[in-house]
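Just so you know, these numbers come straight off a predicted model, no measurement behind them.
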Amino acid sequence: MNDTELRVDHHRFQEQTLLNAAQAIRNTIVGRLHDDGLNHHDVQARVKTAKSAAEKISRRDADGQLKYPGGSEALDDLIGVRVILFVESDIDAVAIALTSQFICHDDEDKTAMMRKNGGIGYAGRHLTLEVPADNPPTACAEYPGQRFEVQIRTVLQHAWAEFEHDIRFKGSSRDNAEISRAFTMASTLIELADQQFVNISDILKRLQSETSATQAEEQHPLDAASLQVVLDRVFPDYPRSKAGHYGWLVKVMAASGVNTVSEAEAWFASADRDKVSRMMGYRFAPGQVRVADDFLLQALGEKYVAATKTVGNDSNREGKLRARLKKLRTERDRP
């Protein structure tokens, strides 16, 4: 084992600790996306191997100086997380959500930089984050100060990046002009496809917000599909949540005594979106399920907390609801 590998092993690289931290960070991010109702395809976490870390900290610049003279202590990407989304327009909201949860040391929008410079190629948003020592997320309480890198991409951007990396960096065709031209063409098509996905999402929200309430059988038992139609119409300015979250909200509403489409329509007909948004202080547009959850919390207060605190698998839901309820109480309601 060379000196670099020893430095990795003895200073910072404790693989099992990093693996545990990576899982805790991933769970926290998934929980935050769920709490904010942000739709996503997948959240992946990985830990850099000792060999890969040793190779990186041994790199030198053109003058022969080490690029990472601090050894593994200088590496922020020993833990890497990828958040993969369906539409590009959700990237900003996810970035804001994560920088609200963790300390942000760097935020690099590679997509914006590439397009500003007229380039074609890799696209994505890169964040360098740290678990805060003060009031860390519950799942990360054992890892204060742990830094990690997050890449936020769409499904199409992720597919392009993974395939390019596999071909160019693991294969033998790195400098092949024909392959480079094909990747450039593919990158352009992916950018166009991502924009069309955003357009499709916008058109779908507009069409569904225009749907007449009479098209739904109002006495029909509330289910995930019918609730989504209701929320599309009531909260057209908020993005759709992850598909499975609508089924969870059906259970939450049932626990609150709302069981039919007509009852859901009646509840949300009185929703003051601006008031709830102002009281919650949203920094970005959360998903429809989160907005609906906040509205019901604002309307029902402690009764809602008691009725729904055990719905779902989030053992911290009661604490989160009570923290949000403090924001939603008006001065008149405060003791």
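For the atom pair His41 NE2 and Lys242 NZ, the distance stands at 7.5 Å (nearest 0.5 Å). Gln298 contributes atom CD, which lies 5.0 Å from atom NZ of Lys275 (distance to the nearest 0.5 angstrom). The distance from the NZ atom of Lys327 to the CG atom of Leu297 is 11.5 Å, given to the nearest 0.5 Å. Rounded to the nearest 0.5 Å, atoms CD1 (Ile79) and CD (Gln23) are 10.5 Å apart. Atoms CG and CZ, from Leu98 and Arg32 in turn, are 8.0 Å apart once rounded to the nearest 0.5 Å. Going from atom CD of Glu149 over to atom NE2 of His126 covers 6.0 Å, rounded to the nearest 0.5 Å.
With sequence neighbours excluded, the residues satisfying salt bridge (charged side-chain N to carboxylate O under 4.0 Å, His left out) with Asp107 are Arg125. With sequence neighbours left out, Arg46 forms a salt bridge (charged side-chain N to carboxylate O under 4.0 Å, His left out) with no residue at all. A search for salt bridge (charged side-chain N to carboxylate O under 4.0 Å, His left out) contacts involving Glu142 returns nothing, not counting sequence neighbours. For Asn316, there are no side-chain hydrogen bond (donor to acceptor under 3.5 Å, both in side chains) partners, not counting sequence neighbours. Remark: Asp293 pairs with Tyr304, Arg317, Arg324 by the side-chain hydrogen bond (donor to acceptor under 3.5 Å, both in side chains) rule, at least two apart or across chains. Partners of Asp194 by side-chain hydrogen bond (donor to acceptor under 3.5 Å, both in side chains), not counting sequence neighbours, listed by chain and number: Thr154. Listed by chain and residue number, nothing satisfies the ring-ring contact (aromatic ring centres under 6.0 Å, His included) test with Tyr282 (two or more places apart in sequence, or in another chain). Considering only residues two or more places apart in sequence or on other chains, Lys251 meets the salt bridge (charged side-chain N to carboxylate O under 4.0 Å, His left out) condition with none of them. A search for side-chain hydrogen bond (donor to acceptor under 3.5 Å, both in side chains) contacts involving Asn199 returns Gln195, not counting sequence neighbours.
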Decide side-chain contact (heavy atoms from CB on, under 4.5 Å) for Ile84 and Val155; before the verdict, give the C-alpha distance in whole Å, the side-chain angles of both, and the deciding distance to 0.1 Å. CA-CA 6 Å; Ile84 305 170; Val155 171; 3.8 Å; yes

Kindly indicate, with the supporting measurements, whether the criterion side-chain contact (heavy atoms from CB on, under 4.5 Å) is fulfilled by Val261 and Leu222. CA-CA 5 Å; Val261 173; Leu222 192 64; 4.2 Å; yes

Might you work through the side-chain contact (heavy atoms from CB on, under 4.5 Å) test for Leu85 and Val87, ending with a clear yes or no? CA-CA 6 Å; Leu85 308 174; Val87 291; over 6 Å; no

Please walk me through it: do Leu300 and Trp267 pass side-chain contact (heavy atoms from CB on, under 4.5 Å)? CA-CA 11 Å; Leu300 297 172; Trp267 263 110; 3.4 Å; yes

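At least one donor-acceptor pair closer than 3.5 Å links the side chain of Glu263 to the backbone N or O of Asn259. The backbone N or O of Asp106 sits nowhere less than 3.5 Å from a side-chain atom of Thr128 that would complete a donor-acceptor pair.
Contact between Gly301 and Leu325 at its shortest, heavy atoms only, is CA-CD1, 3.9 Å. Heavy atoms only, all atoms of each residue included: Ala45 and Ala22 are closest at CB-O, 3.9 Å. Between Lys309 and Ala306, the closest heavy-atom pair is CG-O, 3.9 Å. The minimum heavy-atom distance linking Val305 with Glu318 is given by the pair CG1-CG, 4.1 Å. Here the closest non-hydrogen pair linking Phe197 and Phe86 is CD1-O, 3.9 Å. Across Met253 and Ala264, no two heavy atoms sit closer than the pair CE-CB, 4.1 Å.
In this structure, the ring of Phe102 has its center less than 6.0 angstrom from the ring center of Phe148.
Counting only heavy atoms from C-beta outward, the side chains of Asp314 and Lys320 approach each other to under 4.5 Å. No side-chain heavy atom of Leu296 sits under 4.5 Å from any side-chain heavy atom of Ser256.
Cluster membership for Leu129 and Ile103, using ILVMFWY side-chain heavy atoms within less than 4.5 angstrom, is not shared. Under a hydrophobic-cluster definition in which Ile, Leu, Val, Met, Phe, Trp and Tyr are linked whenever side-chain heavy atoms come within less than 4.5 Å, directly or via other members, Leu38 and Leu127 are assigned to the same cluster. Under a hydrophobic-cluster definition in which Ile, Leu, Val, Met, Phe, Trp and Tyr are linked whenever side-chain heavy atoms come within less than 4.5 Å, directly or via other members, Phe235 and Val276 are assigned to the same cluster. Residue Leu19 is grouped with residue Val43 when hydrophobic side chains (ILVMFWY) are merged at heavy-atom distances under 4.5 angstrom, including chains of intermediate members. Both Leu249 and Leu321 belong to a single network of hydrophobic side chains, linked directly or stepwise wherever heavy atoms of I, L, V, M, F, W or Y lie under 4.5 Å apart.
Ser226 and Asp223 share a side-chain donor-acceptor pair at under 3.5 Å.
Applying the salt bridge (Lys or Arg N to Asp or Glu O under 4.0 Å) definition to pairs two or more places apart or across chains, none involves residues 16-27.
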Enumerate, atom names and distances included, each donor-acceptor pair closer than 3.5 Å involving a side-chain atom of residues 284-291, sequence neighbours excluded.
unit_1	atom_1	unit_2	atom_2	d
Gln288	OE1	Tyr246	OH	2.6
Gln288	NE2	Asp232	OD1	2.9
Gln288	NE2	Tyr238	O	3.4
Arg290	NE	Asp294	OD1	3.2
Arg290	NE	Asp294	OD2	2.9
Arg290	NH1	Asp35	O	3.1
Arg290	NH1	Asp36	OD1	2.9

Counting only pairs under 3.5 Å, give me each side-chain donor-acceptor contact of residues 130-138, with atom names and distances, residues two or more places apart or in other chains.
unit_1	atom_1	unit_2	atom_2	d
Glu130	OE1	His105	NE2	2.5

